[in-house]
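Comments concern the structure below.
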Amino acid sequence: MKDLNKIYKLLLNQYGKQNWWPTTLEKDIHPTYHGKKLDDSMRFEIVVGAILTQNTSWKNVEKAIIELNKNKILTINGILKNKVQKLEKTIKSAGYYRQKAERLKIIAKFFKENPFSKLKKLQTEKLREILLNIKGIGPETADSILLYAFEKPVFVIDAYTKRMCHYLGICSADLDYNEIQKLFMKNLKPDAKLFNEYHALIVEHSKHCYSKKPYCDELLK
DNA sequence: CGCCAGGGCCTCA
DNA sequence: TGAGGCCATGGC
């Protein structure tokens, strides 16, 4: 069995750097993050994307984010000022739009009351706990926010990661979120840049190998 | 037409 | 605590 560091090297070699969090920079509509230092508006956009992409393809999320930006709703105050019905209409393409509109309201309120500058000073574990107590934020969304918006070395586990690990014989199919996360974090250097790329590479690789059955992974098996 | 997409909440044992 | 139902649009 290949170890997790080896798998990373294979994926990086195959697909190259992913430079997440992804944006539609070619459309020149919202800010580009590539190689830039994150500011708070960028961090918030990442949080919004993390909510919208729950069980949803990024393509559909991208449309919703563009619509939010066009309507000047892609900010904490924008989300707070607009009616939930307006939010629902704007993010419709992302699916589950009623739930997600409500969730955006809740997280906007949270980040209004708790600025990034304050939250950044908290211990990662403490911040994770706080995020998990927000309605609409589960383990994957919390960890995506920690890793991509706060740049904390937290490994994000998603359905693809579980599928891939099970297929490769790295873990059993029913291993729970925290256990499989530990598996990655114990075997890798705690480096936010590494975790950022690794998770993105797993998603990219899985779109090729783990989207439709029967799964077939010539690269890693 | 059916399946899937970068999940999470609620309910009910 | 864990399995199952539910949420919903768009691509293929």
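Chain naming here is simple, since letters A, B, ... match the order of the sequence lines and numbering starts at 1 in each.
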| message | Whole angstroms only, please: what is the CG-P distance between A:Asp174 and C:dT1? | response | 16 Å
| Length of the CD1-P vector between A:Ile106 and B:dG7, whole Å | 19 Å
| query | Roughly, in whole Å, what's the span from CD in A:Glu62 to P in B:dA5? | reply | 18 Å
| query | Rounded to whole angstrom units, what separation is found between the CD1 atom of A:Ile65 and the P atom of B:dG6? | reply | 14 Å
| query | Do side-chain atoms of A:Tyr215 reach the backbone of A:Tyr167 as a donor and acceptor pair under 3.5 angstrom? | reply | no
| message | Base, sugar-phosphate or nothing for A:Gln99? Non-hydrogen atoms, less than 4.0 Å. | response | base
Collect all protein-nucleotide pairs involving nucleotides 9-13 of chain B in which both atoms are nitrogen or oxygen and the distance is under 3.5 Å.
residue : atom : partner  : partner atom : Å
B:dC9   : OP1  : A:Gly136 : N            : 2.9

| said: Check this one for me: any side-chain N or O of A:Thr141 less than 4.0 Å away from OP1 or OP2 of B:dG8? | reply: yes
| message | Given C:dT9, B:dG6, C:dG11, identify the nucleotide with an atom nearest to the side chain of A:Lys207. | response | B:dG6
| Is A:Tyr96 reachable from A:Leu52 through a run of hydrophobic residues whose side-chain heavy atoms are each under 4.5 Å from the next? | no
| How do A:Tyr177 and A:Asn60 order along DNA chain B: which one's closest nucleotide is nearer the 5' end? | A:Asn60
| said: Quick one about A:Asn77 and A:Thr75 (side-chain donor to acceptor, distance below 3.5 Å, no hydrogens or angles considered), yes or no? | reply: no
| query | Considering only the P atoms, how many Å lie between C:dG5 and B:dC4, rounded to the nearest integer? | reply | 16 Å
| field | Base-paired stems in DNA chain B, each at least three Watson-Crick or G-U pairs under 3.5 Å | value | B:2-5 with C:9-12, B:7-13 with C:1-7
| field | Distance in angstrom units between A:Ile91 CD1 and B:dG7 C1', rounded | value | 14 Å
| remark: Heavy-atom closest pair (A:His199 atom, A:Phe155 atom, distance to 0.1 Å) is N-CZ, 4.2 Å
| Short side-chain N/O contact to B:dA5 OP1/OP2 from A:Arg163, under 4.0 Å | yes
| query | What does A:Lys212 touch in the nucleic acid at a heavy-atom separation under 4.0 angstrom: a base, only the sugar-phosphate, or nothing? | reply | nothing
| Quantified in whole Å, what is the P atom distance between nucleotide B:dC3 and nucleotide C:dC6? | 16 Å
| said: Can you identify which nucleotide, out of B:dG6, C:dG11, B:dG7, has its nearest atom closest to the A:Tyr96 side chain? | reply: B:dG7
| said: What's A:Ala159 touching, base or sugar-phosphate or nothing? Going by heavy atoms closer than 4.0 Å. | reply: sugar-phosphate
| Roughly how far apart, to the nearest Å, are B:dC10 and C:dA8 at atom P? | 14 Å
| said: Just the rounded figure in Å: distance from P of B:dA5 to NE2 of A:His208. | reply: 14 Å
| query | Passes side chain to side chain donor-acceptor pair (under 3.5 Å), A:Asn5 versus A:Lys189? Steps please. | reply | CA-CA 9 Å; A:Asn5 290 286; A:Lys189 185 162 54 101; over 6 Å; no
| Between A:Tyr97 and C:dA8, is there a side-chain N or O to OP1/OP2 distance below 4.0 Å? | no
| field | Residue that, paired with A:Thr161, satisfies side chain to side chain contact (heavy atoms under 4.5 Å, CB included) out of A:Ile202, A:Ile170, A:Val203 | value | A:Ile202
| If you check the A:Val203 side chain, which of C:dA8, B:dG6, C:dG10 turns out closest? | B:dG6
| query | If you measure from the C1' atom in B:dA5 to the same atom in C:dC7, how many Å do you get, rounded? | reply | 14 Å
| Quick one: CD on A:Glu151 to NZ on A:Lys193, what's the gap to the nearest 0.5 Å? | 6.5 Å
| request: Please state the C1' separation for the pair B:dC1 and C:dG10 - nearest whole angstrom. | output: 15 Å
| request: Taking side-chain contact (heavy atoms from CB on, under 4.5 Å) as the test, write out the residues that go with A:Leu220, two or more places apart. | output: A:Ile7, A:Leu10, A:Leu11, A:Met164, A:Leu168, A:His205, A:Asp217
| If you draw a 6.0 Å radius around CD in A:Gln85, do more than 12 non-hydrogen atoms from other residues or ligands fall strictly inside? | yes
| task | Show your reasoning for whether salt bridge (Lys or Arg N to Asp or Glu O under 4.0 Å) applies to A:Glu113 and A:Lys109. | result | CA-CA 6 Å; A:Glu113 292 167 355; A:Lys109 182 169 184 291; 3.1 Å; yes
